[in-house]
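First the structure, in the form of structure tokens, and then the observations on it.
All values derive from a computational prediction rather than experimental measurement. One is the number of the first residue; the rest follow in order along the sequence.
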Amino acid sequence: MATLSQAPTRRRRHAGRSPLTGPLLVFALALLTAAAYVTYVLWPRWPDVPVTLNAPSLPIVVAGVTFNIEPAAIRMAVQRRPGTQARVDLAYLWPSLTPPDPALKPTLGAPVDPNERLFVTVATGDTTLPLIERVKAIYPRYLAAEPKAGPEGLTLRGFRDGTPYQGEELVFESAKPEHFLARCSRKGVTNSGTCLLERRIGNADITLRFPRDWLSDWKNVAAGIDGLMARLHPN
């Protein structure tokens, strides 16, 4: 009789356990973990202390290369911080190559004159060939056959129409192309054309943009760029 009376008790005890209990506990734990992470990410924090425009040069790392950059030269406020960044956009007055005066704000009646500024972009070059390699491996198939003489000491090679670079020319120092080599758009009706000159340091690409009109004074432009590179990356 004792055996018969205990059987229902054991059955009730086993019936109280659900096979879903374990998975439900794991799911609840995962849900709590996810909620904690989202709360951490979205929780408001005090912003970093902004860098003043007259502060000393900032050590900024792009593609593993350290550059010393004056805060006033950095065009984007979000980029005015030390440390690693994917890209930095800069501007310098020409011919002094000093950062623009932050007190002088462009207005509708007095916009920034692009002929007075050298624009510089520092970005990772992991996915692009250096300019000199493009000149050897890519550009020849698109270039016109005959070079032309440019301002004294420069040679011009135009790109053919119907190519990805139509309307542009390669402009380079005749005696030492790797020293001064730029890709320039031809002069249009409403603009004088723009030149892009590239330098590579490690895996970082430095692209310098200036008006085509500066080619008449290209030797001083080349010397200024050399000095600016030494400032940005002394090593």
Quiz item: Which pair of heavy atoms, one from V65 and one from I201, lies closest together, and at what distance?
Solution: CG2-O, 3.3 Å
Practice problem: Without swapping roles, check the side chain of Q85 against the backbone of I60 for a donor-acceptor pair under 3.5 Å. | Solution: no
Quiz item: Are the side chain of R157 and the backbone N or O of A144 linked by a donor-acceptor pair below 3.5 Å?
Solution: yes
Quiz item: Can you find a heavy atom in the side chain of T194 that is under 4.5 Å from one in the side chain of P211?
Solution: no
Quiz item: Taking 4.0 angstrom as the limit, do R87 and D89 come out as a salt bridge?
Solution: yes
Exercise. Could you tell me whether the side chain of S174 and the main chain of G153 form a donor-acceptor pair under 3.5 Å?
Key: yes
Quiz item: At their closest point, which heavy atom of L181 faces which heavy atom of L131, and how far apart are they?
Solution: O-CD2, 3.5 Å
Exercise. Side-chain contact test, heavy atoms from C-beta onward, threshold under 4.5 Å: evaluate it for L208 versus L118 and give yes or no.
Key: yes
Exercise. Output yes when D205 and R199 qualify as a salt bridge under the 4.0 Å nitrogen-oxygen rule, no when they do not.
Key: no
Quiz item: Do the side chain of R141 and the main chain of A137 share a donor and acceptor less than 3.5 angstrom apart?
Solution: yes
Quiz prompt | is_close_aromatic(Y165, Y139), centroid dist under 6.0 Å | solution = yes
Exercise. Might you point out which heavy atoms bring L156 and G150 nearest each other, and give the distance in Å?
Key: CD1-CA, 3.3 Å
Quiz item: Does some side-chain heavy atom of V51 sit less than 4.5 Å from a side-chain heavy atom of P71?
Solution: yes
Practice problem: Can you see which heavy atom on I138 is nearest to which on Y142, and at what distance? | Solution: O-CD1, 3.6 Å
Quiz prompt | Check: R80 side chain, E70 main-chain N or O, donor-acceptor pair, under 3.5 Å | solution = no
Self-check item: Short N-O contact, R209 and E198, less than 4.0 angstrom
Solution: no
Quiz prompt | Beyond-backbone contact of E116 with W94, side-chain heavy atoms, under 4.5 angstrom | solution = no
Quiz prompt | Backbone of L143 reached by a side-chain donor or acceptor of R160 within 3.5 Å | solution = yes
Self-check item: Under 3.5 Å: donor-acceptor pair, side chain of R183, backbone of E168
Solution: no
Exercise. Quickly, which of R200, R134, E133 forms a side chain to side chain donor-acceptor pair (under 3.5 Å) with T128? Name it, please.
Key: R200
Quiz prompt | Where G162 and Q166 come nearest, the two heavy atoms and their spacing | solution = N-OE1, 2.6 Å
Quiz item: If only atom types and distance count, is the side chain of W218 paired as donor or acceptor with the main-chain N or O of E152 below 3.5 Å?
Solution: yes
